[in-house]
Novice: 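Below you will find the structure I want to go over with you.
Both backbone and side-chain heavy atoms feed into the values below; hydrogens, waters and symmetry mates do not. One-based numbering along the sequence shown.
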Amino acid sequence: MKPRVMSLVLFTCMVGLLIAPYQVDFKSSVISLLAVAIGSGAAGVLNMWYESDLDALMSRTCLRPIPTGKIKKNQALYFGIALSFVSITMLYYSANLISAILLASTIAFYFFIYTIWLKRKTSQNIVIGGAAGALPPVIGWTIATGSISIEPIILFLIIFIWTPSHFWALSLYKSDDYKKAKIPMLPVIAGEKTTKINILIYSLLMLPIVVAPFIFNFASLFYLSATLLMTLYYNYLCFSLFKEKVKKQSNKIARKVFLYSIFYLFLIYLILLIDNAKSF
């Protein structure tokens, strides 16, 4: 069920729920967040069911349950489908219809659009597919409000714009894996230099996105100062990666960009949560 991915999904969803202008009672909140966690797990299960052949070829994924024979493919498929229905139904009854529709759309988009269609077809797979990973804070917001406004759209854009630089950094130092599995990630199709340029561009695009919560008055100067400093450091790391010509050193910086990007996104949402703590 990809618990590490699930934890970030759950956290961003929780932030969307807690900073929304309406409060949800504790029981409903817990059940709703549990439903989103199960839905995230369902998407992960279905992804690993469909990609078990590719997972077996890559060092990063070869120890997953299906390639190692711990779980049969059919078991994973039935488990993923069951989790999907359970999570969507739970969220409908604990929250509202729009939240359930968004969760169903997230699972469907991640599996059908990203996993089945985009991933093996285009080097822009992670750009378009990133929409699925960006929806959890929107779901959290709709759990509380039952509607969508500019705030959850900004929360969506923060993750959506962050995703390409995050995954392309990973694909740089794991490019041999992607070549072996014949997955058309950007370094495989367009080369290292083009990938580095794109990573730098998307890191720079984070600057206006992290400023947006302050501009639209749901974050304070504290949030703005902290996130701008973190973003400037992220820009610096991505620029260092762009300049580096030596392959071994480049892979080392790419790994650093990837690891920092995880903490970077987590801290943006954590600071946003702390900044809004006075309202809940």
Side-chain angles (χ1 to χ4, degrees), residues 1-17 24-58 60-121 125-126 128-144 146 156 159 163 167 181 183:
M1 292 174 72
K2 298 187 178 181
R4 282 181 295 181
V5 175
M6 189 194 302
S7 63
L8 196 55
V9 166
L10 189 59
F11 178 69
T12 57
C13 179
M14 182 187 71
V15 173
L17 169 63
V24 181
D25 68 87
F26 181 75
K27 182 181 176 182
S28 296
S29 297
V30 170
I31 296 172
S32 297
L33 289 172
L34 179 60
V36 173
I38 294 171
S40 171
V45 170
L46 292 171
N47 169 267
M48 287 190 282
W49 166 74
Y50 188 79
E51 293 190 340
S52 58
D53 58 329
L54 300 183
D55 286 347
L57 299 173
M58 300 172 66
R60 186 173 65 89
T61 56
C62 64
L63 296 179
R64 285 176 173 175
I66 299 175
T68 55
K70 294 176 183 177
I71 293 175
K72 294 178 181 179
K73 281 196 74 173
N74 282 348
Q75 291 174 325
L77 175 60
Y78 301 148
F79 186 51
I81 292 171
L83 288 176
S84 299
F85 280 106
V86 167
S87 63
I88 295 163
T89 304
M90 278 179 65
L91 193 58
Y92 173 72
Y93 283 106
S94 65
N96 50 62
L97 179 60
I98 188 172
S99 300
I101 290 172
L102 282 173
L103 180 58
S105 301
T106 302
I107 297 170
F109 192 95
Y110 184 75
F111 180 61
F112 291 107
I113 304 299
Y114 171 67
T115 301
I116 293 180
W117 181 35
L118 294 172
K119 191 166 184 179
R120 305 190 195 208
K121 299 291 184 183
N125 50 21
I126 205 64
I128 306 165
L135 279 170
V138 183
I139 297 173
W141 185 277
T142 61
I143 289 170
F156 171 90
I159 301 177
T163 301
F167 273 103
I183 300 174

Novice: Please tell me if the side chains of Leu97 and Tyr92 come closer than 4.5 Å, counting only heavy atoms from C-beta onward.
Specialist: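 Contact flag for Leu97/Tyr92 side chains = yes.
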Novice: Once salt bridge (Lys or Arg N to Asp or Glu O under 4.0 Å) is applied, do any residues pair with Arg120, and if so which ones, sequence neighbours excluded?
Specialist: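 Listed in chain order: Asp53.
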Novice: Taking the side chain as everything from C-beta on, heavy atoms only, tell me whether Ile159 gets closer than 4.5 Å to Leu135.
Specialist: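 A side-chain contact is absent here, since even the closest heavy-atom pair is not under 4.5 Å.
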Novice: Please round to the nearest 0.5 Å and tell me the distance separating atom CG of Asn47 and atom OG of Ser52.
Specialist: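 Asn47 atom CG to Ser52 atom OG measures 10.0 Å (nearest 0.5 Å).
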Novice: What heavy-atom pair brings Met90 and Ile38 nearest, and what distance separates the two atoms?
Specialist: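 So the minimum-distance heavy-atom pair works out to SD-CD1, 3.9 Å.
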Novice: Is it the case that the side chain of Ser40 and the backbone of Val36 share a donor-acceptor pair, with hydrogens and angles ignored and the cut-off at 3.5 Å?
Specialist: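 No.
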Novice: Might you confirm whether atom NZ of Lys73 has over 12 heavy atoms from other residues, nucleotides or ligands at distances under 6.0 Å?
Specialist: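 Atom NZ in Lys73 is packed in, count exceeds 12.
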Novice: Please report, to 0.1 Å, the donor-acceptor pairs under 3.5 Å made by any side chain of residues 102-110, with sequence neighbours excluded.
Specialist:
residue	atom	partner	partner atom	Å
Ser105	OG	Ile101	O	2.7
Thr106	OG1	Leu102	O	2.7
Tyr110	OH	Lys2	NZ	3.4

Novice: How long is the gap from CD1 on Ile31 to CG on Leu91, to the nearest 0.5 Å?
Specialist: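 The CG atom of Leu91 is 10.5 Å from CD1 of Ile31, to the nearest 0.5 Å.
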Novice: Can you see which heavy atom on Ser28 is nearest to which on Ser94, and at what distance?
Specialist: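 Between these two residues, the closest heavy atoms are CB-O, 3.8 Å.
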Novice: Report yes or no: does Thr89 contribute a side-chain atom to a donor-acceptor pair with the main-chain N or O of Val86 at less than 3.5 Å?
Specialist: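 Side chain of Thr89 to backbone of Val86: no pair is present.
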Novice: Kindly say whether Ala42 contributes a backbone atom to a donor-acceptor pair with the side chain of Ser84 at under 3.5 angstrom?
Specialist: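 Not confirmed, Ser84 side chain does not pair with Ala42 backbone.
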Novice: What's the shortest heavy-atom distance between Ile183 and Lys119, and which atoms?
Specialist: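 Answer, listing the atom of Ile183 first, then Lys119: CG2-O, 3.6 Å.
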Novice: Does Thr115 reach the main-chain N or O of Phe112 with its side chain, forming a donor-acceptor pair under 3.5 Å?
Specialist: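 Flag not set: sc Thr115 to bb Phe112 has no pair under 3.5 Å.
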Novice: Pro137 versus Thr12: any side-chain heavy-atom pair under 4.5 Å?
Specialist: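 Answer yes - side chains close enough.
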Novice: Would you name the heavy atoms of Thr142 and Ser99 that are closest together and state the gap between them?
Specialist: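 Closest heavy-atom pair between Thr142 and Ser99: OG1-OG, 2.9 Å.
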Novice: For a quick test of reading the model, state the closest non-hydrogen atom pair linking Pro136 to Ala132 and the distance between them.
Specialist: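 Of all heavy-atom pairs spanning Pro136 and Ala132, the closest is CD-O, 3.6 Å.
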Novice: Start with the C-alpha gap between Val30 and Phe26, add the side-chain angles, then the distance that decides, and say whether side chain to side chain contact (heavy atoms under 4.5 Å, CB included) holds.
Specialist: CA-CA 6 Å; Val30 170; Phe26 181 75; 3.6 Å; yes
Novice: I'd like to check Ile71 versus Met48 (side-chain heavy atoms, cut-off strictly below 4.5 Å). Are they in contact?
Specialist: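 Ile71 does not reach Met48 side chain to side chain.
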Novice: With a 4.5 Å limit on heavy-atom distance, are the side chains of Ser29 and Leu17 in contact?
Specialist: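 Ser29 reaches Leu17 side chain to side chain.
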Novice: How long is the straight-line distance from CE of Met58 back to CD of Glu51, given to the nearest 0.5 Å?
Specialist: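 The CD atom of Glu51 sits 8.5 Å away from the CE atom of Met58.
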Novice: For Ala76 and Trp49, work out which heavy atoms get closest and say how close.
Specialist: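 Closest approach of Ala76 to Trp49, heavy atoms only: CB-CB, 4.2 Å.
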Novice: Tell me every residue that passes ring pair (Phe, Tyr, Trp, His ring centres under 6.0 Å) with Phe111, counting only those two or more places apart in sequence or in another chain.
Specialist: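 None.
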Novice: With a 4.5 Å heavy-atom cut-off, do Asn125 and Trp117 have their side chains touching?
Specialist: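 A side-chain contact is absent here, since even the closest heavy-atom pair is not under 4.5 Å.
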Novice: Taking Asp55 for the side chain and Pro67 for the main chain, is one N or O donor matched with an acceptor at less than 3.5 Å?
Specialist: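 Side chain of Asp55 to backbone of Pro67, a donor-acceptor pair under 3.5 Å: no, none is there.
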Novice: Can you measure from CD1 (Ile143) to CD1 (Ile139) and round to the nearest 0.5 angstrom?
Specialist: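 Those atoms lie 7.0 Å apart.
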Novice: To the nearest 0.5 Å, tell me how far Phe79 CZ sits from Leu46 CG.
Specialist: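 If we round to the nearest 0.5 Å, Phe79:CZ and Leu46:CG are 10.5 Å apart.
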